[in-house]
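Please read the structure below before turning to the comments.
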Amino acid sequence: MSSPVSYKLEGIIGVITVNNPPVNALSQPVRQGMLDAITTAQGDDSEAIVIICEGRTFIAGADISEFGKPMQDPFLPELLNTIEASSKLVVAAIHGTALGGGFETALAAHYRCAVPAAKIGLPEVKLGLLPGAGGTQRTPRLAGVKASLDLITSGAPISVGQAGKIGLIDKIIDGDLRDGALAWARELVDAGTSVRKSSEQPVPEFDAAIFDEVRATLAKRARGQVAPGHIVTAVEAAATGSFEDGMAKERELFITCMESPQSAGMRHIFFAERQAAKVDDLAKDTPIRPVESIGIVGGGTMGGGIAMSIANAGIAVTMIEISDEALERGLSIIDRNYAGSVKRGKISEEKAASCRALISGSTDYDSLAEVDMVIEAVFEDPILKKKIFGQLDGVCKPGAILATNTSYQDVDAIAAATKRPQDVIGTHFFSPAHIMKLLEVVRGEKTADDVLATVMALAKKIRKVPVVSGVCYGFIGNRMLRPYGKTAQLLLLEGASPQQVDSAMESWGMAMGPLRVFDLAGLDIGYTARQALSEEEKGDPKTYRIPDLLVELGRMGQKSGSGFYAYDDNRQPTPDPAVDGLIKMAADDLGVERREIQDEEIVDRLISALVDEGRKVLDEGIAQRSGDIDVVYVYGYGFPVSRGGPMFYADNIGEM
Ligand code: T1G
C-alpha cells in the first residue's frame, strides 16, 4: 500500500506532501510517512522543508477513529518534536482548516503560511479532550496566555487573518499555495533565516490571575465538563514551567481526558452525527433535484425561522400568509431576528441585509408556481394541512418538493391529500428554527429516493444536522418525549415538586428540566390535542391530570405568565405554592400515595422512559440507528453531549 505521504526535492526545497482523504487526518501511516520524510530531508541537499497537503484541507487533526484503541508509534508529540528539531527550517503551508493535531503540526514547523480563506483551530475540547501534541505548550509561547486560553477552551476555529494578528501565522499567500510557499521558503533561505522553535520562545507577559478567572468562567459555561479545566492547567504549566515539564503535564492530562467517559460520549456524537447524514438504503449516486427557490407557507415563529435558515444559505424564499397583516407580522419577526443576530455579533450587517433581501412575501399561492420546494409551517391542524397540500398540488410545478414541518402528524396522510405523494416529505425543524441545528427528515411511505436525497443535501447546505425518521406519532424526538413527560407527571403525583424534578435533571446535565420544557412549549398544545381523544386514547389520567388542571386555570406556561412555575416579565421561573397545592389535590383525587423521592430515582426513571421508547423506535425501524437517536436528543432536546445521547448512555451505563 503506498504511503499517504510523499517527499520530493524541488531545487533546494524538500516538499513533504500529505494526501490522506478526506481530511488528511494524522493516521498511523501519515505519521510514519512524515517521520520518514523529515528524517530523509535532514540528510539530503534540501536547505528548507515545506509541509503541504493535497485535497480540500491541511491536516484536520489526529485520526479520531484511532482513539480508544492502543496508540501506535510514531506518537504524534514525538513526531512533532522531531519536525521542530529539524536542522533545516520547516514551513507549514495551510489551506482549508488546520485543526487539532493538524495545527499542532504547523506549530512544530518554524514558520507558517496560509491562503487567505484558511482557518486554524484547536477543537479538541469539543471531543472532551485537550490538544495532546504540544498545542497547549507552543500556542502560549507564540500567542500569549489569554489568546491561547480563548482559542483552546472555545475550540472555535479562527481565520488565518486573526491568527496572524496574534503571532500564529507568519504570511498570507495570495494565489497558488504551493508555488507561494516554496517561493517564500526560498526567500527565507536566501535571507539566511534560521530555524525558530516555538518551544524555545518565551511566553509573553501575562497576569497570573487569569487562570482562576478563566476557571470560574468555564465552571458556568462548560458546567460539568472535565476537559476545559485541564486545558487551563496545561496552559498554566506552559506559562510557569519548562517546555519539557509542560509537555509532561499536557500528556498526563490528555490521557486523563482521553480515558474519560465524557470524551467517549462526545467522540460518539462526532461520528454519529456524520453517520446520521447517510441513508443506508439510498444509493450514493441518487440524483439531487435542483433547489434554488423555496416557498414557506406560514409566517409564524417557525415559518420565519425556517425562512431565515434557508435565506442564510443563499436560497431565495417566498413566504406565504393569509393576509397582508399576517404577512407583515411574519416579515417583521424575521427583521427582528436579523437585527438581534447582528446586535449579538452573530452575523454582519451586510450579510444580514443580503440574506434578508432573499426573502419576499405574498398572500397569493400562485407565487409558488415556479418554486423548487415548499415547506408548510402552519399550526398543527391536520385538516388545514391537508387543505394546503391540496392547494400546493394544484399550484406547484411538476417535480416541486412539498414538505411539511409538522412535529408529529402523519406525513403519509398529508401526502395522500395530493396526487404526488412521491414528492411529499417531512422536514421537522426545531424552535427557534434559525438557531436549532436538528432537522428530522420524515420519510413517507411513498417519498421518492431523489426527494429524500435532495432534502438531506439541502439540510447540509442550510447547516442543519439531519436525521431520517419513519412516520409515526412524534417521529423520533417527540415520540420519546411522551413517555418522558408522562413519567415526570407521575413523579409529581408521587411526591416530587416541579423544581425538584427539573433541578435533578439539570444537575445531571439536561439543558432544561421537563417541566420547564413543557412550560416553554405551552401546556395548551397538549391540552388541545387531548380534547380530540377518547378517554381510552388519552390513557392513564395520572399522566395528564396536572397539566389539564393548570390549563383550565389559565396557566398555559411561559406564554401566559404561569404554568408549572410562575414567570416574571423576563420569563424567569419561580416555584409557585399554588401548584404544589394543585398537585396534592390531584394526587388525593387519583388515590396516589405521596412519599419523599430521591433525585437519583427521578433521573433513573426519566432517562429509562426515554431509552425504553428509543428501543421501540429502533425496533420499529423508525430510526436507522441508535446513534441517530442520540443525535436527535443532543441536538434537539438539550441532552448533554458529554453523556453521548440516551442510547449511548444506556449502553455504557456504569461507566458514564
Ligand atoms: N479523524 C477521523 N475522521 C475524520 C476527522 C478526524 N479528525 N475529521 C473528519 N473526519 C471524517 C468524518 O468522519 C467524515 O467521514 C469525513 O472525514 C468528512 O468529515 C492530538 C487529539 C475537518 C471541519 O476535531 O471538524 O487532533 O462520514 O463530514 O463537513 O491534539 O470534519 O465521510 O466517512 O465533517 O467538510 C481534532 C474534526 C481531532 C476536527 C471538515 N480535529 N473534523 O468538515 O466534513 S483530535 C477535529 C471536523 C486531535 C490532537 C488531538 C470536520 C472538518 P465520512 P465532515 P466537513
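All ligand and atom numbering here is 1-based and tracks the order in the structure.
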Answer yes or no: is there a donor N or O on one side and an acceptor on the other, between the side chain of Thr286 and the main chain of Asp449, under 3.5 Å? no
Any idea which residues sit under 4.0 Å from ligand 1, heavy-atom distances? Pro22, Val23, Ala25, Arg56, Ala60, Gly61, Ala62, Asp63, Ile64, Phe67, Leu76, Thr97, Leu99, Gly100, Gly101, Glu104, Pro123, Glu124, Leu127, Pro131, Gly132, Phe254, Phe270, Phe271, Arg274, Lys278, Lys460
Angle between ring planes, His428 versus Phe430, binned at 30° and 60°: parallel, tilted or perpendicular? tilted
Determine, step by step, whether Lys351 and Cys355 satisfy the side-chain contact (heavy atoms from CB on, under 4.5 Å) criterion, reporting the C-alpha distance in whole Å, the side-chain angles of both residues, the deciding distance to 0.1 Å, and the verdict. CA-CA 6 Å; Lys351 173 75 173 164; Cys355 294; 3.8 Å; yes
Residue from Arg138, Arg196, His110 passing side chain to side chain donor-acceptor pair (under 3.5 Å) with Glu84: Arg138
Is the side chain of Glu440 donor-acceptor paired with the backbone N or O of Gly477 at a distance under 3.5 Å, no angle test? yes
Do you know which of Arg215, Glu250, Glu252 makes side chain to side chain donor-acceptor pair (under 3.5 Å) with Thr233? Arg215
